[in-house]
Amino acid sequence: MDRPQLLSELQFKMARSSGSGGQHVNKVATKVVLSFNLRDSQGLSDQQKELLSQRLASRLTSSGYLQLHCGETRSQLRNKRLVIQRFFALLEQGLREEKPRKPTKIPKGVLKKRREDKRRQSQKKANRKPPQF
């Protein structure tokens, strides 16, 4: 993953933030929309692109773009920094190798306790029945 190359491939759009804010909100575009074309990226290897396209499939558009939004603060610059941080965190999370799960063995004490509880419960039910003559 080549960070400087990826930074040069990012596209930004500015928009008006949603929510209340008075008169100022209608004049200033502080919301930042980041677009990244995963398929045509030069900063990622083919393996990384394939892995990210699988893991981020729900976040990609039909044309292969990843879009992130940030309108948390009233500063366009801070929103831009935040959305770039989220972008790199998302890529790192998508590229992280998953550890194989080791199935754990059920302890013998737990199995024994379960059998005893079942036996106790069946005895309780059996004692409720009327006696057979």
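Counting begins at 1 with the first residue of the sequence. All of these numbers come straight from a predicted model, not from anything done at the bench.
Heavy atoms only, all atoms of each residue included: E9 and Q42 are closest at OE2-N, 2.7 Å. Summarising the geometry of V83 relative to C70, their closest heavy-atom pair is CB-CB, 3.9 Å, with the distance given to 0.1 Å. In this structure, H69 and V33 approach most closely via the heavy-atom pair ND1-CG2, 3.5 Å. In terms of heavy-atom proximity, L60 sits nearest to S53 at CD1-CA, 3.9 Å.
Less than 6.0 angstrom separates the ring centroid of F36 from the ring centroid of F87.
At least one side-chain heavy atom of L91 sits less than 4.5 Å from a side-chain heavy atom of L6. Within the 4.5 Å cutoff, side-chain heavy atoms of Q121 are placed close to those of K125. At a threshold of 4.5 Å between non-hydrogen side-chain atoms, the residues R55 and L51 count as touching. A heavy-atom distance below 4.5 Å is not found between the side chains of Y65 and R39. The closest side-chain heavy-atom distance from L44 to L38 is below 4.5 Å.
By the 4.0 Å N-to-carboxylate-O rule, E72 lies too far from K31 to be salt-bridged with it. Looking at R120 and D117, a side-chain N of the basic residue comes within less than 4.0 Å of a carboxylate O on the acidic one, giving a salt bridge.
Here the CD atom belonging to Q93 is positioned 10.5 Å from the CG atom belonging to L95, to the nearest 0.5 angstrom. Here the straight-line distance linking atom CZ of R3 with atom CD1 of I84 works out to 10.5 Å at 0.5 Å rounding. In this structure, OG on S8 lies 8.0 Å from CG on D2, to the nearest 0.5 angstrom.
Of the N and O atoms on the side chains of T73 and S75, not one donor lies less than 3.5 Å from an acceptor on the other residue. A donor and an acceptor atom, one from each side chain of Q76 and T30, are nowhere located under 3.5 Å apart.
Annotation for R86: atom CZ counts as buried by contact number, over 12 foreign heavy atoms lying within 6.0 Å. Open room surrounds CD1 on I106; 12 or fewer heavy atoms of other groups in view lie less than 6.0 Å from it.
In the hydrophobic clustering of ILVMFWY residues, with side-chain heavy atoms under 4.5 Å counting as a link, L68 and L82 come out apart.
One N or O on the side chain of K49 and one on the backbone of S41 form a donor-acceptor pair closer than 3.5 Å. Counting only distance, with no hydrogens or angles, the side chain of E116 and the backbone of K113 share no donor-acceptor pair below 3.5 Å. A donor-acceptor contact shorter than 3.5 Å is absent between the side chain of Q67 and the backbone of L34.
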